[in-house]
Amino acid sequence: MNPFSSGTRLRDMIRAIRASKTAAEERAVVRKECAAIRASISENDPDFRHRNLAKLMFIHMLGYPTHFGQMECLKLIASPGFPEKRIGYLGLMLLLDERQEVLMLVTNSIKQDLNHTNQYIVGLALCALGNICSAEMARDLAPEVERLLQFRDPNIRKKAALCSIRIIKKVPDLAENFVNPVAALLKEKHHGVLITGVQLCADLCKVSTEALEYFRKKCTDGLVKVLKDVANSPYAPEYDISGITDPFLHIRLLKVLRVLGQGDADASDSMNDILAQVATKTESNKNAGNAILYECVETIMSIEDNGGLRVLAINILGRFLSNRDNNIRYVALNMLMKAIAVDSQAVQRHRATILECVKDSDPSIRKRALDLVYLLINDSNVKPLTKELTEHLEVSDPEFKGDLTAKICSIVEKFSPEKIWYIDQMLKVLSEAGNYVKDEVWHALIVVITNASDLHGYAVRSFYRAVQTAGEQETLVRVAVWCIGEYGEMLVSNVRRLDIEEHLTVTESDAVDVVETSIKSHSCDLTTRAMCLIALLKLSSRFPSCSQRINDIIGQYKGSFVLELQQRAIEFNSIIERHQNMRSSLAERMPVLDEAIFSGRRAGSVPAAVSTSKGVSVNLPNGAAKPSIAPVADLLDLSLDDAPAPSSSGGEFLQDLLGVNLTPVSLQSDTNQGQKSGTDALLDLLSIGTPPAQSSSSTAQVFSSNTDNKSPLDILDRLSTPSAPSAQVSSTGGNSSMLDLLNGLPSSPPMSVTEGNGPGHSSVTAFESSSLKLTFNLSKQPGNPQTTLIEGSFTNKSQDVFTDFIFQAAVPKFLQLQLDPASGNTLSASGNGSITQKLRVTNSQHGKKSIVMRIRISYKVNNKDVLEEGQINNFPRDL
């Protein structure tokens with residue numbers, strides 16, 4: 001018995017599925033029905049074929065596979081009757097797409113139906129072809145579709161036009177075949193045919209420049225006339241929507257006129273009058289009228305220049321901004337952003353309305369209005385607009401404060417007329433939304449403050465006032481603490497007080513109170529506390545009367561669980577208690593930072609570089625605001641987020657940071673200086689924080705001897721002090737950058753390195769330039785083949801005396817290097833006398849790797865610093 005003969009209909013299956021309470025029950029019903037459909041298909045009963053396909057379409061819409069019924073679509077399409085064909089074509093459009101190979105089998109059936117005497121069957125074929133045709137089908141059936149564009153029935157012409165749109169999108173080469181038929185469609189009276197003809201005309205213009213030029217010359221006046229007739233037509237019930245005759249045709253005509261008028265002055269002139277008429281006479285009380293006005297505005301802004309029309313269009317957008325419908329306001333804001341590039345002055349007239357949109361409750365409206373305000377900013381209106389935005393910042397929602405803060409900061413930085421206004425605006429932003437301010441913004445503020453020498457006192461007093469009332473803003477606290485640490489004495493003594501300032505009485509104890517309160521605040525993070533410690537160290541030098549109190553505050557963090565704070569506290573405590581002679585130089589005021597270089601690095605346009613041609617000047621933000629690796633990271637222009645965490649050994653973390661394989665080395669600067677730690681050598685070799693040539697007394701202040709027992713990170717922190725003087729270095733052997741030294745790539749012209757003198761290891765000319773020669777006398781320690789004893793002899797080849805002579809060296813990780821004190825620090829001229837220095841090298845890879853060494857020699861000639869560098873690779877292999 002046939003399963004469908006006993007009343008099993010499509011509605012019964014739908015009812016069964018709807019009655020199922022769980023997904024498993026639904027799947028069971030679907031599986032049962034699919035099995036019944038397969039059985040019916042295998043029986044090949046034509047009476048139930050259309051019913052099976054109807055069920056399959058419903059199952060397909062539920063998301064279940066129905067590929068086994070695709071051939072049934074083809075059989076139904078090939079049937080002679082209209083009901084079967086209707087179900088077949090419907091199934092074809094639902095169950096198949098243009099990627100299915102089986103679709104090629106239906107091409108011939110569609111072609112026959114396109115030539116059928118029944119117009120309804122022709123319509124079915126056109127609908128199916130317009131929905132799923134592939135490029136191959138388009139090429140095969142394009143002639144039939146082109147012929148049907150002139151069919152007697154308007155519904156067939158309309159469907160043929162829609163089908164033609166898909167054909168020219170699939171095969172643009174066929175566009176020229178449809179140009180003449182489309183020109184005839186544009187003269188139709190039937191609105192359905194006219195709309196599809198206009199859309200086909202617009203698509204033809206997009207795919208073919210020949211078609212675009214043809215329609216511009218032949219059809220522009222006709223389309224303008226059609227639009228005028230539609231706009232002025234009397235009431236027509238079949239086309240009327242909200243009192244407007246066929247707004248859909250209005251919009252299609254405006255879109256095609258926009259395509260034709262863009263880039264063509266003549267075509268634009270011919271449509272100016274009708275566009276002005278549509279813009280002024282269309283009612284804006286209903287949504288249909290607003291849609292027409294929006295398309296009219298977009299057309300006016302796209303065609304060639306007409307100042308009066310554009311002002312009219314922008315005024316329409318201004319009225320849209322006062323509409324209560326959020327969608328209308330949003331599209332108006334979008335269009336105004338495009339209009340700014342065309343007529344900025346006309347948009348500026350609606351500035352007040354746009355600012356009101358920034359305060360709207362809808363987040364999309366707020367964000368788009370803020371973007372528009374940002375585009376409206378110029379040198380003449382930056383102050384009032386920034387004032388409005390800053391005032392709104394006080395009452396804005398938390399989720400909007402981030403975007404608003406970023407825009408205000410960008411505006412202030414880009415259009416700031418003067419530095420005092422910049423500082424005032426950034427102070428307001430930091431006070432209201434400091435936690436939303438990005439790091440690069442307050443970094444830039446510090447750079448601006450350092451460059452405004454006449455505003456140092458004003459800045460520190462302004463931030464002192466602000467931090468007392470808005471202390472919970474983390475970024476504000478950082479900048480305020482930095483200012484107090486740098487310019488604390490100006491705060492206390494009211495130095496350089498401006499006329500606009502009120503008198504402020506602050507004692508030394510008050511300044512310390514602010515920093516102490518900040519460092520003890522529960523909301524402060526590691527960066528802020530580190531900056532506070534640095535500020536306290538600087539205040540201990542500026543306020544001697546508070547030195548003991550500051551030392552007690554710093555001492556509280558000697559037991560901190562945060563290693564960075566603990567280390568800084570121990571080091572700063574030691575400086576205050578035992579190194580009074582160093583404290584004043586370490587706590588000197590930060591040098592002026594180069595605004596252009598800083599801005600370039602923020603934008604990624606200026607690479608960080610360290611040049612030795614004019615000296616190494618380390619100009620960095622307050623190092624205490626960052627972990628101990630900050631000085632080296634800043635020098636190399638590295639982000640702290642990417643820098644590796646410091647390990648227990650300073651030398652190890654520096655190797656990771658700089659990407660070089662260096663082991664601890666010992667340095668010798670003069671006869672009174674002992675052996676140095678490995679990190680001392682590396683930092684001196686990199687020219688960080690100290691000149692390459694100094695007198696013995698000044699050098700001893702920068703580098704500690706072995707008895708100091710300081711950690712590498714201690715040395716790093718001390719070397720990061722901004723007060724470290726920069727050194728003028730004129731290298732007789734060429735300019736070698738820091739990276740050249742690290743990579744062993746001496747700059748041009750290269751320094752000469754002479755080969756060894758033979759297998760006896762008696763003597764090696766390690767380095768020789770036009771003014772200096774270094775000879776190594778080599779020997780082995782008895783019973784220890786891994787250790788090589790080296791006696792270096794320095795000879796002056798020039799006619800000038802070398803003073804403050806310093807020799808420094810670095811070796812790879814598999815080597816250990818120890819330097820004994822040099823015999824002197826003055827080298828006589830013309831080879832009369834020499835300086836000797838002994839080195840001890842232990843090779844852990846003896847027999848596998850030979851010794852290699854990088855050296856740097858600095859000295860003074862007539863009180864002028866000279867730096868020479870080189871790499872020694874000519875050691876005998878068996879050392």
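Note that this is a predicted model, so its numbers are computed, not measured.
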- Using modelled atom types only, decide if a donor and an acceptor are shared between the side chain of Thr386 and the backbone of Lys383 within a distance under 3.5 Å. no
- Contact check, side chains of Ser462 and Ile423, non-hydrogen atoms, under 4.5 Å: no
- Item | Spacing of NZ belonging to Lys414 relative to CD1 belonging to Ile377, to within rounding of 0.5 Å | 10.0 Å
- Task: Show your reasoning for whether side chain to side chain contact (heavy atoms under 4.5 Å, CB included) applies to Glu516 and Asp552.
- Result: CA-CA 11 Å; Glu516 182 181 9; Asp552 294 339; over 6 Å; no
- Query: Should we say atom CG of Asp397 is surrounded by more than 12 heavy atoms from elsewhere, each under 6.0 Å from it?
  - Reply: yes
- Message: Is any side-chain heavy atom of Leu404 closer than 4.5 Å to one of Tyr436?
- Response: no
- Message: So, taking the atom named CG in Asp371 and the one named CD1 in Ile354, what distance separates them when rounded to the nearest 0.5 Å?
- Response: 12.0 Å
- Can you name the nearest heavy-atom pair linking Arg542 to Gly485, along with the distance? NE-O, 3.3 Å
- Query: With no hydrogens and no angle check, is any side-chain donor or acceptor of Ser518 less than 3.5 Å from a backbone partner on Val514?
  - Reply: yes
- List the steps and the verdict of salt bridge (charged side-chain N to carboxylate O under 4.0 Å, His left out) for Glu432 and Lys428. CA-CA 6 Å; Glu432 294 298 334; Lys428 292 179 182 178; over 6 Å; no
- Message: For a side chain to side chain contact (heavy atoms under 4.5 Å, CB included) check, start with the C-alpha distance between Arg351 and Leu385, then their side-chain angles and the critical distance, and finish with the verdict.
- Response: CA-CA 9 Å; Arg351 193 170 64 201; Leu385 283 180; 3.5 Å; yes
- Got more than 12 heavy atoms from elsewhere within 6.0 Å of NZ, Lys387? no
- Query: Should the ring pair Tyr487 and His456 be called parallel, tilted or perpendicular, given that the plane angle runs from 0 to 90° and is split at 30 and 60?
  - Reply: parallel
- Which heavy-atom pair separates Glu474 from Cys524 by the least distance, and what is that distance? OE2-CA, 3.3 Å
- Item | Validation row: Arg568, Glu564 side chains within 4.5 angstrom (heavy atoms) | yes
- Query: Would you find a donor on one side and an acceptor on the other, under 3.5 Å apart, between the side chain of Ser540 and the backbone of Leu537?
  - Reply: yes
- Query: Roughly how far apart are Phe572 CZ and Leu536 CG, rounded to 0.5 Å?
  - Reply: 9.5 Å
- Output yes when a side-chain donor or acceptor of Ser410 lies under 3.5 Å from a complementary backbone atom of Ala406, and no otherwise. no
- Item | Test item: Ile420 and Leu498 side chains (from C-beta on) under 4.5 Å apart, heavy atoms | yes
- Polar side-chain atom of Asp360 near backbone of Glu356 as donor-acceptor pair, under 3.5 Å: no
- Query: Out of curiosity, Leu539 CG to Leu491 CG, how far, rounded to the nearest 0.5 Å?
  - Reply: 9.5 Å
- Would you check, one step at a time, whether the test side chain to side chain contact (heavy atoms under 4.5 Å, CB included) holds for Leu427 with Leu476? CA-CA 8 Å; Leu427 177 59; Leu476 173 66; 3.8 Å; yes
- Taking atom NZ of Lys401 as the centre, report whether more than 12 heavy atoms of other residues, nucleotides or ligands fall under 6.0 Å from it. yes
- Query: Are Leu372 and Arg368 side-chain neighbours, meaning at least one heavy-atom pair lies under 4.5 Å?
  - Reply: no
- Backbone N or O of Asn381 within a donor-acceptor pair of the Asn378 side chain at under 3.5 Å? yes
- Closest contact, heavy atoms only, Val358 versus Phe400: O-CE2, 3.9 Å
- Message: Donor-acceptor check, side chain of Arg856 to backbone of Ile806, threshold 3.5 angstrom: yes or no?
- Response: no
- Task: Report yes or no: does Gln348 contribute a side-chain atom to a donor-acceptor pair with the main-chain N or O of Leu376 at less than 3.5 Å?
- Result: yes
- Message: Using every non-hydrogen atom in the two residues, find where Ile554 and Asn573 come nearest and quote the distance to one decimal.
- Response: CG2-N, 4.2 Å
- Query: Roughly how far, to the nearest 0.5 Å, is OG1 of Thr390 from CD1 of Ile411?
  - Reply: 8.5 Å
- Message: Within the supplied structure, the quantity of interest is the number of heavy atoms (other residues, nucleotides, ligands) at a distance under 6.0 Å from Glu502 CD; does it exceed 12?
- Response: no
- Mind checking whether Phe463 and Leu445 have side chains closer than 4.5 Å, heavy atoms only? yes
- Query: About how many Å separate CZ of Phe561 and CD of Gln566, when rounded to the nearest 0.5 Å?
  - Reply: 9.5 Å
- Task: Return the minimal non-hydrogen interatomic distance between Ala459 and Ile449, and the atom names on each side.
- Result: CB-CG2, 4.1 Å
- Task: For Asn551 and Gln548, run side chain to side chain contact (heavy atoms under 4.5 Å, CB included): C-alpha distance rounded to whole Å, both residues' side-chain angles, the deciding distance at 0.1 Å, then the answer.
- Result: CA-CA 5 Å; Asn551 193 29; Gln548 184 57 46; 4.3 Å; yes
- Should Asp439 and Thr527 count as side-chain neighbours, where that means a heavy-atom distance under 4.5 Å? no
- Side-chain contact, heavy-atom cut-off 4.5 Å: Arg366 with Glu399? yes
- Do Thr450 side-chain atoms and Val447 backbone N/O form a donor-acceptor pair below 3.5 Å? yes
- If you look at every heavy atom in Gln473 and Ser431, which pair is closest and at what distance? CG-O, 3.4 Å
- Message: Given 3.5 Å as the limit, does a donor-acceptor pair link the side chain of Arg529 with the main chain of Ser521, or not?
- Response: yes
